[in-house]
Structure formats: C-alpha cells, structure tokens
Amino acid sequence: MTGAGGRRARARGIDCGVLPPGRWNAITDVPGVAVGHCTRLGGGLATGVTAVLPHGGDLFRDKVLAAAEVINGFGKSVGLMQLQELGTLETPLLLTNTFGVGTCANALIRRAVAQNPAIGRRTSTVNPVVLECNDGPLNDIQAMAVTEADALAALDAAAGGAVVQGAVGAGTGMTCFGFKGGIGTASRALTLDGQGFHLGALVLSNFGRAGDLVLPGGLRPDPRGGGDAPERGSVIVVLGTDVPLGLRQLARVARRAGAGLARLGAFWGHGSGDIALAFSTANRVAHEARGDFADRRVLNDARIDLMFRAAAEATAEAVLDSMLTATTVAGRDGATRPCLGDWLDRRR
C-alpha cells in the first residue's frame, strides 16, 4: 500500500538483491510488529509522526533487545545513549522532524506512565526513543507543529499487514537524492534450521545529493540535470527481526544498513545524520528480573552473513520504495520535490 498509488520497486522490475521478500515486503512481516502514521499537511506544513511497535504488549514490562549504529552523527535523536548501554528498547519507536523530538518523547513518557504508574516513583524512569530528520526545506519546521496528540494518533493507528509508504507520517516533508523522499519499507524471508524467519527494514529517507542516486543496473536519475549542492540530509533505518540475536549481533546487523545506503550512492556527508537501529522480538527482557541468570538462544555467528545480506538488501529496497511511492506535496512557500516514479516514467 502506498501514500497515493506509486508503484514499488519490485513492480517496476527493480531488484535489490537475491533474497525473497516476505508476504507484505514490509517490516510488518516480522510477527507482532506494527506501523502507524499521523500526517500534517497544508498551510505550509508537511510533516508528521510515524510509529513502529515491536510488539503489541507493554514494552516497558516486556522489553526487546536492540542496538543502534550511528553511521554519521549529525542528529538530535533521543534515547540512544541508554539503548546502547543497556541494549533494550522499552517504548515504541517514534520518527518525526527534528523539532518534534521533545514533544514525541513526552508523549511516549506519558503513555508509559499511564500504563505503569510506578515509573519514576517506585521503579525506574522510562527511556523514550525518538529518531528524526530535518524536513525544513519543505515543512515550516519553525512552527513546531507536531503535538503529543499527533504522536498518540500515530501510536493508535499502528497495525500489521500492508504499510502505507511515501509522503506520509514523518516522511511527509522529506527529500531523498533531490527527489521526494519519505517512508519506505521492505523485508526478506529467511530460513534457518528449517524454520521460517523475517528481517524487515523501515526507513525515513531524507538524504543523498541530487545526481548521486544509482539504481540497480546503473541508471543515475538526476532531478536537476546536474549541480554541486552539498549533501545535508539524514536517514533513519529501523531493522526488525524475529531471528534470535544477541546484542553484539544486533549491532553488527544494524551496521550493514550502511551497505544498503551506499549501494544507492550515499556517502554519509558531513552534515548528514544517518542512524540505524536494529531490534529482535525473539529474546524479551522482563522489567523485573526473575533470577540471577538469563538463558537466551542466539544465532550461530557462522550463519550471520545471511542477516547481513538481508539488512543491506532490505534497506536499499526500502529507500527506493520511499521515493517511488511518494507523491508531490506542496510545502512551505509552495516548495515541492519531483517524484522518482515520474522521472522513470518519462524515460519509457
């Protein structure tokens, strides 16, 4: 499903690797994972919030293992320091614009406290995780229009199955390689010890210098016919899997998102905030320890190359889908970005 009907990469015959996709070709192919959006468009605004829920329960009480990779650190995300130290994710993930981070963090805290009134009083505080990109070129970011109600609406809208992509939610005002960017997702179906698993990627694409995009097969779409504008964007990559992975393994998988970005022509410029976060739904961490030791099943390192390939392929395809499903939006002062799908259609 797309924001307004653009065909995805696979529907156009663009292949990003050799591994098969899952049923939805989305991060929601990982059982229990849900995605929701809230979009703010009009009156100079082109922004919103996207929520990713690793499972439908109480994440504060039933945490998932997670790790992050800061590919280039020009960013203002919240919650990564504790996530890196403890290796757990205890709230849903929210994606939004740079100036909406604090508001979204407050919304996550309020929801967690409502579910767990002991937070900050009789038990620990909660670590909200909010990731961001700057949509200022299209959105009136100074209006600071994202509200806690928007964040809650994205959380409440979260569902499994097909994911709406393109210029929606946090992706409404984003730009990628000079084209309209946004939200994209893809997945890979995996077989390990005869069992079926999935790895899915969801991206917020807002990176890449116009003219640098390289499609599989070598085509180089350029929306502006050349130029030397610097690379100043950002990208958020969320990787989810039901393969049981340890923290070190999750960090290594997150790092491979960078390979997927590089395949398309990204070089992670000086002013780019490029963050990848990986979580596994397989190994849960209870908020209240039940014993002195924890037994966890993890993937054999000798088999982890499959995860690396899946992460790189799904990331690249998700980025392409974020552009191919995006439609033109009119943002601040009438600013727009061309659509990659239109550029390809004109070449027929």
Side-chain angles (χ1 to χ4, degrees), residues 27-28 30-40 45 47-68 76-132 143-161 163-164 168-172 183 202 204 236 238 240 275 277-290:
I27 195 171
T28 49
V30 179
V33 174
V35 175
H37 305 291
C38 178
T39 301
R40 300 287 305 276
L45 299 179
T47 194
V49 183
T50 293
V52 180
L53 281 63
H55 64 68
D58 185 342
L59 274 160
F60 182 74
R61 291 286 169 187
D62 193 20
K63 311 174 202 298
V64 297
L65 294 183
K76 290 84 178 172
S77 298
V78 161
L80 294 184
M81 182 168 61
Q82 180 173 312
L83 184 146
Q84 290 287 73
E85 182 69 20
L86 301 185
T88 57
L89 181 62
E90 60 185 20
T91 69
L93 294 166
L94 291 183
L95 314 181
T96 190
N97 76 58
T98 306
F99 289 172
V101 169
T103 297
C104 287
N106 284 343
L108 287 174
I109 292 169
R110 291 188 205 282
R111 174 155 291 199
V113 169
Q115 293 174 328
N116 297 275
I119 286 176
R121 293 182 174 176
R122 297 181 301 280
T123 190
S124 63
T125 56
V126 64
N127 182 49
V129 178
V130 185
L131 308 170
E132 54 78 33
M144 302 182 71
V146 170
T147 66
E148 290 187 36
D150 295 333
L152 295 176
L155 291 167
D156 291 339
V163 175
V164 180
V168 64
T172 305
I183 296 292
L202 182 140
L204 177 61
I236 302 299
V238 178
I275 310 295
L277 186 152
F279 66 82
S280 171
T281 61
N283 288 317
R284 306 288 180 86
V285 178
H287 180 66
E288 296 173 348
R290 297 184 178 91

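Just so we're clear, the structure is a prediction, and the values are computed from it rather than from any experiment.
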For [X] versus [Y], what's the shortest heavy-atom pair and its separation?
X	Y	result
G169	T39	N-OG1, 2.8 Å
H37	V163	NE2-CG1, 4.2 Å
L59	H55	CD2-NE2, 3.4 Å
A154	C38	CB-N, 3.8 Å
F279	V64	CB-CG2, 4.2 Å
V146	G48	CG2-O, 4.2 Å

Whether the side chain of [X] engages the backbone of [Y] through a donor-acceptor N/O pair (distance < 3.5 Å, no angle test) should be reported.
X	Y	answer
N116	A118	no
H287	T123	no
E132	G100	no
S280	G240	no
T88	L65	no
D150	T147	yes
E90	N127	yes
R284	T281	yes

Separation of [Y] [atom2] from [X] [atom1] (nearest 0.5 Å):
X	Y	atom1	atom2	value
T98	L131	OG1	CG	11.5 Å
I109	C104	CD1	SG	11.5 Å
L95	L277	CG	CG	9.5 Å
L89	Q82	CG	CD	10.5 Å
I236	L93	CD1	CG	10.0 Å
T103	L108	OG1	CG	11.0 Å

TODO: Would you indicate whether the side-chain heavy atoms of R111 and V126 approach each other to under 4.5 Å?
DONE: no

- [ ] Decide side chain to side chain contact (heavy atoms under 4.5 Å, CB included) for L204 and T96; before the verdict, give the C-alpha distance in whole Å, the side-chain angles of both, and the deciding distance to 0.1 Å.
- [x] CA-CA 9 Å; L204 177 61; T96 190; over 6 Å; no

Open item on the list: Quick one, I27 with V35, criterion side chain to side chain contact (heavy atoms under 4.5 Å, CB included). Give me CA distance, side-chain angles, the key distance, then yes/no.
Closed with: CA-CA 8 Å; I27 195 171; V35 175; 3.7 Å; yes

TODO: Evaluate side chain to side chain contact (heavy atoms under 4.5 Å, CB included) for R121 paired with V113, printing each intermediate quantity in order.
DONE: CA-CA 10 Å; R121 293 182 174 176; V113 169; over 6 Å; no

